[in-house]
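Treat the numbers as computed from the prediction; the structure is a model and nothing was measured.
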Amino acid sequence: KKDLIDGFVANQRVLDIILLELRGSSYNGPLQCYLVIGENGVGKTMLLWRIKYAIEDDLELSNLIVPVMFKEEQYFLGDLETLWNYVVSQIEYLPLSEKKDPGYSVEILFEKASEESAYYKLEKKLKERGKKVILFIENLDAFFRKIGKHGQQRLREVLSTSRDIRIIGSATALFNEVTNYHLPFYEYFKVVQLKGLNRK
């Protein structure tokens, strides 16, 4: 962690902008979803980890946001049920919040699909702990292809209705799932384009 932070210089301005927006929206509304675009080796992975560490090291942000990193090699991530269950495993050890949301209640019905049950379990635990979660997903294009159009529609529904779950993803280039007008995530993400170093 220390080596990554010490060596992070090229995209400091991008980091500052994202953190500023996270601080501005963390209490006032839903967090923004981001898609980091850049060629291999330009620093996408380093930026995602740097954002995660910045959240963890910031008292205000860490009190509210739990960053969950999905590494490039986590091939087990193939559907939304697996996604929700993994996030639950990362946050269920966190202490319960003293500020309960009295207006929140959820009932998991047996007839609900297992993906829906996993999602409601996640939302319940986030509410109990007073937390929001940011999912850092490398190669987001590959994940979208795995879950298919139906999974993308469901994920868009979740992100549009939940104030507690957001994604910061990465890809080497813009891909069909975010540029095709007929697909659920058309122009949904705020795109951050990373470029190679100039001479300076």
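Across every non-hydrogen atom of Leu159 and Ile165, the tightest pair is CD2-O, 3.3 Å. Residues Ile91 and Arg129 come closest through the heavy atom pair O-NE, 3.2 Å. When all heavy atoms of Ser62 and Lys131 are compared, the pair lying nearest together is O-NZ, 3.3 Å. Here the closest heavy-atom approach between residue Ala54 and residue Leu19 is recorded as CB-CD1, 3.6 Å. Pairing each heavy atom of Phe175 with each of Leu140, the nearest pair is CZ-C, 4.3 Å. Residues Leu183 and Glu177 approach most closely at CD1-CA, 3.8 Å, considering heavy atoms.
Put simply, Ile17 and Trp49 are part of two different groups of oily side chains (I, L, V, M, F, W, Y) that touch within less than 4.5 Å, one to the next. Under the 4.5 Å side-chain heavy-atom criterion for Ile, Leu, Val, Met, Phe, Trp and Tyr, Tyr186 and Ile37 are members of distinct hydrophobic clusters.
Note that NZ of Lys127 is 6.5 Å distant from OG of Ser162, once rounded to the nearest 0.5 Å. Rounding to the nearest 0.5 angstrom, the gap separating the CG atom in Asn176 from the CZ atom in Arg145 is 10.0 Å. Distance check: Glu92 CD to Lys124 NZ gives 11.5 Å after rounding to the nearest 0.5 Å. In this structure, CD on Glu123 lies 6.0 Å from CG on Leu126, to the nearest 0.5 angstrom. In this structure, CG in Leu194 is found 9.5 Å from OG in Ser170, a value given to the nearest 0.5 Å. From Gln90, atom CD reaches atom CG of Leu135 across 10.5 Å, with rounding to the nearest 0.5 Å.
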### Query
Between Gln12 and Leu15, is a side chain to side chain contact (heavy atoms under 4.5 Å, CB included) present by the stated rule, with each step listed?
CA-CA 5 Å; Gln12 185 64 47; Leu15 172 67; 3.6 Å; yes

### Task
Would you please test Ile18 and Ile51 for side chain to side chain contact (heavy atoms under 4.5 Å, CB included) and show each step?
CA-CA 8 Å; Ile18 291 177; Ile51 298 170; 3.8 Å; yes

### Message
Please evaluate residues Val133 and Ile65 with respect to the criterion side chain to side chain contact (heavy atoms under 4.5 Å, CB included), reporting the C-alpha separation (whole Å), side-chain torsions for both, the decisive distance (0.1 Å), and the verdict.
### Response
CA-CA 5 Å; Val133 66; Ile65 299 172; over 6 Å; no

### salt bridge (Lys or Arg N to Asp or Glu O under 4.0 Å) between Glu21 and Lys190, intermediate numbers included
CA-CA 11 Å; Glu21 293 180 351; Lys190 184 168 186 177; 2.5 Å; yes

### Task
Check the pair Asp57 / Lys52 against salt bridge (Lys or Arg N to Asp or Glu O under 4.0 Å), numbers first and verdict last.
CA-CA 9 Å; Asp57 293 341; Lys52 177 181 184 292; over 6 Å; no

### Query
What's the verdict on side chain to side chain contact (heavy atoms under 4.5 Å, CB included) for Asp141 and Asn139, showing C-alpha distance, side-chain angles and the deciding distance?
CA-CA 5 Å; Asp141 51 333; Asn139 295 329; 4.0 Å; yes

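At distances below 3.5 Å, not a single donor-acceptor pair connects side-chain atoms of Glu138 with backbone N or O atoms of Thr45. A distance-only check finds a donor-acceptor pair linking the side chain of Asp58 to the backbone of Leu61 [under 3.5 Å]. No side-chain donor-acceptor contact under 3.5 Å links Glu157 to the backbone of Gln153. Listed for the Arg156 side chain is a donor-acceptor partner under 3.5 Å among the backbone atoms of Pro184. Asn63 places a side-chain N or O within donor-acceptor distance of the main-chain N or O of Leu59, the cut-off being under 3.5 Å.
At a threshold of 4.5 Å between non-hydrogen side-chain atoms, the residues Lys44 and Glu39 do not count as touching. Side chains of Val191 and Val36 form no contact here, defined as non-hydrogen atoms less than 4.5 Å apart. Annotation: side chain of Ile167 is not in contact with side chain of Ile134 (no heavy-atom distance under 4.5 Å). In this structure the side chain of Leu94 reaches within 4.5 angstrom of the side chain of Val66, judged on heavy atoms. The shortest side-chain heavy-atom distance between Phe136 and Val68 does not fall under the 4.5 Å cut-off. Side chains of Glu187 and Tyr181 form no contact here, defined as non-hydrogen atoms less than 4.5 Å apart. At least one side-chain heavy atom of Arg50 sits under 4.5 Å from a side-chain heavy atom of Leu4. You'll find the side chain of Val178 reaches within 4.5 Å of the side chain of Leu35, heavy atoms only.
Residues Tyr34 and Phe189 place their aromatic rings such that the two centres sit no closer than 6.0 Å.
Remark: Lys195 NZ is loosely packed, at most 12 non-hydrogen atoms of other residues, nucleotides or ligands lying under 6.0 Å away.
For the ring-ring contact (aromatic ring centres under 6.0 Å, His included) test, no residue two or more places apart in sequence or in another chain qualifies with Tyr93.
Relative ring orientation between Phe185 and Tyr188 is described as perpendicular, the plane-to-plane angle rising above 60° on a 0-90° scale split at 30° and 60°.
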Donor-acceptor pairs under 3.5 Å, side chain of residues 77-87 to any protein atom, not counting sequence neighbours: which ones?
unit_1	atom_1	unit_2	atom_2	d
Asp79	OD1	Glu81	N	3.2
Asp79	OD1	Thr82	N	2.7
Asp79	OD1	Thr82	OG1	2.8
Asp79	OD2	Thr82	OG1	3.4
Glu81	OE1	Ser114	OG	2.9
Trp84	NE1	Glu115	OE2	2.7
Asn85	ND2	Glu81	O	3.2

